[in-house]
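Here is how names work: the chains are called A, B, and so on, in the same order as the sequence lines, proteins then strands, and each is numbered from 1. On a predicted model such as this, the values are computed, not experimentally measured, just so you know.
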Amino acid sequence: MKETYNHTEIEAKWQKVWLDGKIFRAPDDSAKKKYYVLDMFPYPSSAGLHVGHPLGYTATDIMSRYLRMNGYNVLHPMGWDAFGLPAENYAIKTKVHPEKSTLASITTFTRQIQSLGFSYDWDREVTTCLPDYYRWTQWFFSFLYKNGLAYRRKAPVNWCNSCNTVLANEQVENGKCERCKKDVIQKDLEQWFFRITDFIEDSGNTNGLLSGLDTIDWPESTKISQRNWIGKSEGAEVDFEIEGLDEKISVYTTRLDTIFSGTFLVVAPESPLVMRITTTDQKKDVEEYVKKTALKTELERLELEKEKTGAFTGSYALNPATGAKMPIWISDFVLAGYGSGAVFADAHDERDFEMAKKFGIPLKISLRPENDELWEKVKNLEVCYPDEGTLVNSGEFDGLTSAEARTKLCDWLGKKGMARPKVNYKLRDWLVSRQRYWGAPIPVVYDDDNNHYLLPDDELPVLLPHDVDFIPTGESPLRKSVSFHNPEDMKRIEEKLKSSGEMPKERHLTRRESDTMDTFVCSSWYMLRFMDPKNPAAFASKELMKKWGPVDLYVGGAEHTVLHLLYARFFTKALHRYGYLPYDEPFAKLRHQGMILAEDGQKMSKSLGNVINPDEVVEKYGADTLRCYEMFMGPFDQKKAWSMGGVEGVRKFLDRTYRVSLKPIVAEKPGDDILAVLHKTVKMVKEHIEELRFNTALSQMMILTNELTKLEKVPHSVLETFMLILSPFSPHLAEEIWNGALGHKDSIAFESWPEYDPKYLIEDEVTYAVQVNGKLRGELIIGRDAEKEEVLSRAKELENVKRHLEGKTIVKEVFVPGKIAGYVVK
RNA sequence: GCCGAGGUGGCGAAAUGGUAGACGCGAAGGACUUAAAAUCCUUUGGGAUUACCUCCCGUGCGGGUUCAAUUCCCGCCCUCGGCACCA
């Protein structure tokens, strides 16, 4: 071995050995117990790898290497989430085809990831933008369609004017597009949806998206986010008759206890009901208001500070509890997509209260708060009281609490057929069609009457054509592609559809579906493809999915708490329901990595010029240093700021470790002192790896290196054990020392994880902290077997302790074996 | 507004009822060197005292439980993240 630690040479050498030898291949036929460790696969951006990527990848690599050494057959794959808008936007700007730029980015990412020495099974690499992958994405569309879980519907949808495409609810942030941060507007369009709402509750033996959360080991905060996003609420549906019309309005409420104070109804302006109930007198007002609302952006509508707006329809509904006439208004604070798009309004809701005040609509009170002072104000309609209380002005229900009243009122109205219990959810079906080019084509064709037909399975894949203009026009770029609508293909498909009887004889196919699928569809099932990545006959075989799945440990950023993680659960549950999978949750254990901030504490960004390039760190300090540094920065799941000083500190640790290996390596028996530190380290590293507490695992190994630095000669067995536990963190250096100084022939990667011997952890002498009234007053070093009486009487004799006991009476003695000797004095 | 995470030296952080600040960075001093770098050693929360023994204060703030609280309980403050007119 060389005199100095040459990371460049060492790392290149071992990476070649690992890659060429394919030593991390996960065999399908191994008898060992399986363990599936998965990273959220990256979008290969043209900016290259970010230092945030190796944080998660190092953690999973440590776990994978650790588990292999513990006898597991570890599946640890890597692939590319390669469809998506950035490549397409880049194409619009530069005319470089997205496929070209994406494949170039993948090449860069591959080189960068491989330069970090991760133990991926590269034979399982998948790339979502290649036909052998996306033909199965298309298969999933067909699978969902055939089971009634994919459907086409005209609905108000989120439209981004800048990206020229529709967006899923999950992709709208504060009324702005998740990607380009421009305003999102509402449009009525016919789009494809996946019926994710069908999987909220349990059905058959498939756990729902809600109850399934109780079966998986995920961060509680992520589970809570998913529950909130699904937004289950339990209430009642109440019918309101409309005066003079043979029509009823059904309204959802969680506050049936306030029904007696309901004085008006508010309907969403988009509701189809609006035109039917508007009287001739009010037509002008209402139409004007509806038009104005339609022009507003999502952001304007969400503006919370704004005054309530609205228009009177001229119609009246009848309160089912009191029979009173209730004017029906329209206002944009009522959401068309939730419940029935209508609410009954009263004085006990802040929004309704505001609306009534603004338009002079009469209000009534039906709830009394505990506080008398408040009650005076509430009674006089000076303030809104939206909380629960005691019923008043509610006939026979007076005196009940809100909770009691809700049940009784629902029964009472239920008997008259005017109300029933009802559960509502915020989660909507997933809108998956996008008017963009760089995505998986939807396997559907249309005829001259605009009827759609699912393509037969043998027509898959529908290849993405290359003869397209990327400039977004609001119409999908694929629409005008000539090769996409090749007459021969269309004719063949038409014949197939006609011979199967799906298509009437008199119709003709005119076009393919030109929308592509949301890229989240591609990433909803990739964890399954890794289990059987080359299968030409299925997205993955049942046997291999049973063998490898579910993912045992999934690691990625917390930004995917709803989008990807919810969609992937939905896909898994759909497959489970139809018998493809023996499990209904894709990720048994999930952990998030914290964000890495720039040295200035801000987010890394090109415009701030504070981005750290992992390539430069690898070149200057080495991959092992980068890996260990990122693990040493702090708790894995917390955000933390980069520090080049910290990088150098970790590099010094590896330098010192290297120098330890240059000392004389001797066969003689190690001393008890070094064995005590060694075995303590083995124990702690094992425990801390299992809890993903890599920072403290490394601290302990630093202590060991510091101890070894003090020795003249290094016992062979000590260095051997050290390299074994260091190898998951710093695999190149560990291999080098294992093969060089320690003289082994085989890779360290498949050696057995060392056991620690508890006998070295027990010290002959222990130090007692001696406390008087809980304050430290001295230390007592004594044999570990010393009895309580002996410890307490010896501790009492310590000079300083004596001083604090002088003139006081001992009222209690405290004894914690091996730790505390204490006296409570008065 | 609601939900979640967090607040400990000059800095990143340890310690989940038992000696607060392990480990690392930074800083100061020393050894080696012609010198520097590298390396090695020592010191390093604040204050009093300098007898270097000891005492007081100290984990966002205010209370409480306990012999003992960063840790448990109650009430606040601040920072960051998510959701947000969901009736």
query = Is the Tyr629(A) ring parallel, tilted or perpendicular to the Trp642(A) ring (thresholds 30°, 60°)?
reply = perpendicular

ask   = What orientation do Phe815(A) and Tyr768(A) show, parallel under 30°, tilted 30 to 60°, or perpendicular over 60°?
value = parallel

query = Do Ser699(A) and A22(B) share a donor-acceptor pair, side chain to base, under 3.5 Å?
reply = yes

Under 4.0 Å from OP1 or OP2 of [N]: is there any side-chain N or O of [X] that close?
X	N	value
Ser233(A)	A87(B)	yes
Asn228(A)	G4(B)	no
Tyr823(A)	C67(B)	no
Arg803(A)	C53(B)	no
Asn424(A)	A87(B)	no

Is there any protein nitrogen or oxygen under 3.5 Å from a nitrogen or oxygen in nucleotides 36-44 of chain B, and what are the pairs?
| unit_1 | atom_1 | unit_2 | atom_2 | d |
| --- | --- | --- | --- | --- |
| U39(B) | O3' | Arg659(A) | NH2 | 3.2 |

message = Please report the distance, rounded to the nearest Å, between CG in Asn773(A) and C1' in C56(B).
response = 16 Å

Over all strands shown, is [X] touching base, sugar-phosphate only, or nothing at heavy-atom distances under 4.0 angstrom?
X	answer
Lys819(A)	sugar-phosphate
Ser643(A)	nothing
His804(A)	sugar-phosphate

Conformer about C1'-N of G21(B) - syn within 90° of 0, anti elsewhere = anti

